2 protein chains.
Amino acid sequence: MSLATRGKSAESRTPLSRDRVLRAAVKIADEGGIAAVTMRRLAEELGAEAMSLYHHVANKDQVLDGVVDAITAEINQAVGRLALPTRGAAWKEAARQRILTARQVMLRHPWAPAVFASRTTTSTEVLLYYDGLLGIMRDGGFSNDLCHHAMHAFGSRALGFSQELFTPSGGPSTGEPDPVMVAMAARLPHLVGMLAEVVHDDPDATLGWCDDQAEFEFGLDLLLDGLDRRR
Amino acid sequence: MSLATRGKSAESRTPLSRDRVLRAAVKIADEGGIAAVTMRRLAEELGAEAMSLYHHVANKDQVLDGVVDAITAEINQAVGRLALPTRGAAWKEAARQRILTARQVMLRHPWAPAVFASRTTTSTEVLLYYDGLLGIMRDGGFSNDLCHHAMHAFGSRALGFSQELFTPSGGPSTGEPDPVMVAMAARLPHLVGMLAEVVHDDPDATLGWCDDQAEFEFGLDLLLDGLDRRR
DNA sequence: ACCTGAACACCGTTCAAGT
DNA sequence: ACCTGAACACCGTTCAAGT
């Protein structure tokens, strides 16, 4: 047994646990993206062997489920610190702040939306988050039926992110126009016309898809206003 | 060289091509989900070896990019058959039908939304789709600026799907309540209360996430109505 | 030019064996 | 009970060699 190995096992005196595995997964994803989270890399981070992980998580899918839980727990902690009135018309601002707070957590973990999108199982933390949002809407006077529709209408936006299917200009850093679009300009009259008028350089574009703060809030307010009108 | 091998090469007399590869990928995904699309399985479907594919596509990522293009081409063909008035107030119904038509194509390929969500590069067919939607909104009298906000607000909904983060009851087939939720009922008063009132069994739930037609249309109309009001 | 066999560097995961 | 080494069955992809 080499010195290096001995040092490593001394360092990892703290026993493995489901919780340590999940925290390590979040750390690795924050540093190198979700693709960097492999069972072997995870074990390395914890000073153990890949096979040891299987004593604490059933498989990799369960690691990703756990990561969703961990991120949403972070969100629940953040929204728990909010203390806004929720009765009557105040529901809208309370819901708005709750969702924008969730978004701030997501912005710290830009890889997270893709993981959320890939999961199909029910996360207990996600259930708790939605329950809180429902509570705000019930206080606002919404019927259960309308609440139900609203949850579906929000979709992922309730948790602070929305899926953008294309970035209508160059990457977030470069101001260069998209070469694919330049080549097709003749067949995209409305898109080209729009972009000529709307300067779409957004230094803060992030979260994987182009999905900046102002656009997120526009879409969110469209939904909140529409729901408020049907309250 | 065996008879079987000889038969196979005779069958695949038609040479490989990017187009054949992409069509095969869609076929395999339709039959076995997107995970079934591997380079080796793709080659098998085409009566070739995995390595032969690399003469027609750069790598697997490009296969998935091409699949998005292929599905959106199918959508563009379908919406191309629509012939609705678009001027003035008619924009809303035209946009609505365009989006619901896209959704019908997506429903034939339930694995597609996840693939769309995972891509970051610009698909020419997606650009063409959005250009058409923009055209409808311009006819409706929207400014380029408002059009731009609208595209972001729609997000993936413009292409007929939306991400649902949890299914608030059992699976689409079973009427069983979610065991995770039953165990947590005490901490989820609003969720449990809502579901007790709203019978959430939806035999047509599909598209991977619970995202049925009525809920999709509710969310879509919320956006369309809100936009129309700001026109 | 197009196609392929063998090989490489990775995965997630199983199993039998160690302490 | 917890951990691990070796091995298995898969990936995507490279390379040198075939026609």
Side-chain angles (χ1 to χ4, degrees), chain A residues 1-22 24-25 28-29 32-68 111 114-115 118-121, chain B residues 1-22 24-25 28-29 32-68 111 114-115 118-121:
Chain A
M1 178 161 285
S2 73
L3 263 171
T5 314
R6 214 159 349 128
K8 208 193 229 171
S9 44
E11 192 181 9
S12 70
R13 186 66 54 84
T14 29
L16 289 180
S17 69
R18 186 187 137 86
D19 214 64
R20 285 192 68 210
V21 171
L22 300 184
I28 293 167
I34 194 67
V37 179
T38 68
M39 297 304 270
R40 284 168 174 85
R41 175 78 185 78
L42 212 39
E44 188 192 352
E45 179 76 26
L46 294 163
E49 298 301 315
M51 299 72 212
S52 307
L53 303 175
Y54 287 88
H55 290 277
H56 303 95
V57 290
N59 49 40
K60 190 179 175 181
D61 249 41
Q62 197 176 298
V63 172
L64 296 180
D65 285 344
V67 161
V68 166
W111 47 270
V115 179
S118 75
R119 303 290 85 194
T120 108
T121 50
Chain B
M1 177 162 283
S2 73
L3 262 171
T5 314
R6 206 139 19 110
K8 210 194 227 172
S9 43
E11 193 180 10
S12 70
R13 187 65 54 84
T14 29
L16 289 179
S17 70
R18 187 186 136 85
D19 215 64
R20 285 192 68 209
V21 171
L22 299 184
I28 293 168
I34 195 65
V37 180
T38 69
M39 297 303 269
R40 284 168 172 85
R41 174 76 184 80
L42 211 39
E44 189 191 350
E45 179 75 26
L46 294 162
E49 298 300 314
M51 300 71 210
S52 306
L53 304 175
Y54 287 87
H55 289 278
H56 302 95
V57 290
N59 50 40
K60 190 179 176 179
D61 250 41
Q62 197 176 299
V63 172
L64 296 180
D65 285 344
V67 161
V68 166
W111 47 269
V115 179
S118 75
R119 303 290 85 195
T120 107
T121 51

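These values consider heavy atoms only, across backbone and side chains, with no hydrogens, waters or symmetry-generated copies. Convention: sequence-line order gives letters A, B, ...; per-chain numbering from 1. Keep in mind that this is a model prediction, so the values were computed, not measured.
- Here the P atom of nucleotide D:dT13 and the CD atom of B:Gln62 are 10 Å apart, to the nearest Å.
- Here the shortest heavy-atom pairing between A:Ala48 and A:Leu16 reads CB-CD1, 3.9 Å.
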**OP:** Take B:Arg41 and B:Glu45, measure what salt bridge (Lys or Arg N to Asp or Glu O under 4.0 Å) needs, and give me the verdict at the end.
**Re:** CA-CA 6 Å; B:Arg41 174 76 184 80; B:Glu45 179 75 26; 3.2 Å; yes
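- Counting to the nearest Å, the P atom of D:dG12 and the CZ atom of B:Arg41 are 13 Å from each other.
- If you check every strand for non-hydrogen atoms under 4.0 Å, B:Thr38 touches sugar and phosphate atoms only.
- Straight-line distance from the CG atom of B:Asn59 to the P atom of D:dG12: 11 Å, rounded to whole Å.
- D:dT4 atom C1' lies 14 Å from atom OH of A:Tyr54, rounded to whole Å.
- The shortest distance between the side-chain N/O atoms of A:Ser52 and the OP1/OP2 oxygens of D:dT4 is below 4.0 Å.
- If you measure from atom CG of A:Leu42 to atom C1' of C:dT13, you get 14 Å, rounded to the nearest angstrom.
- For B:Arg20 and C:dC2, the CZ to C1' distance is 14 Å, given to the nearest whole Å.
- Along DNA chain C, the nucleotide closest to B:Ser17 and the one closest to B:Arg40 are compared, and the more 5′ of them pairs with B:Ser17.
- For B:Leu53 and C:dG5, the CG to P distance is 13 Å, given to the nearest whole Å.
- The partner of D:dC15 is C:dG5, judged by Watson-Crick or G-U wobble contacts that both fall below 3.5 Å.
- When the side-chain nitrogen and oxygen atoms of A:His55 are compared with OP1 and OP2 of D:dT4, none of them lie within a distance under 4.0 Å.
- The only member of B:Lys60, B:Arg18, B:Arg119 that meets salt bridge (charged side-chain N to carboxylate O under 4.0 Å, His left out) when paired with B:Asp65 is B:Arg119.
- Rounding to whole angstrom units, CD of residue A:Glu44 and C1' of D:dT4 are separated by 16 Å.
- Across every non-hydrogen atom of A:Leu42 and A:Val21, the tightest pair is CD1-O, 3.9 Å.
- The minimum heavy-atom distance linking B:Tyr54 with B:Asn59 is given by the pair CE2-CA, 4.0 Å.
- Toward the 5′ end of DNA chain C lies the nearest nucleotide of B:Ala50, the other residue of the pair A:Ala50 and B:Ala50 mapping further downstream.
- Proximity note for A:Met51 (side chain, C-beta onward) versus C:dT14, D:dC3, C:dG12: the nearest is C:dT14.
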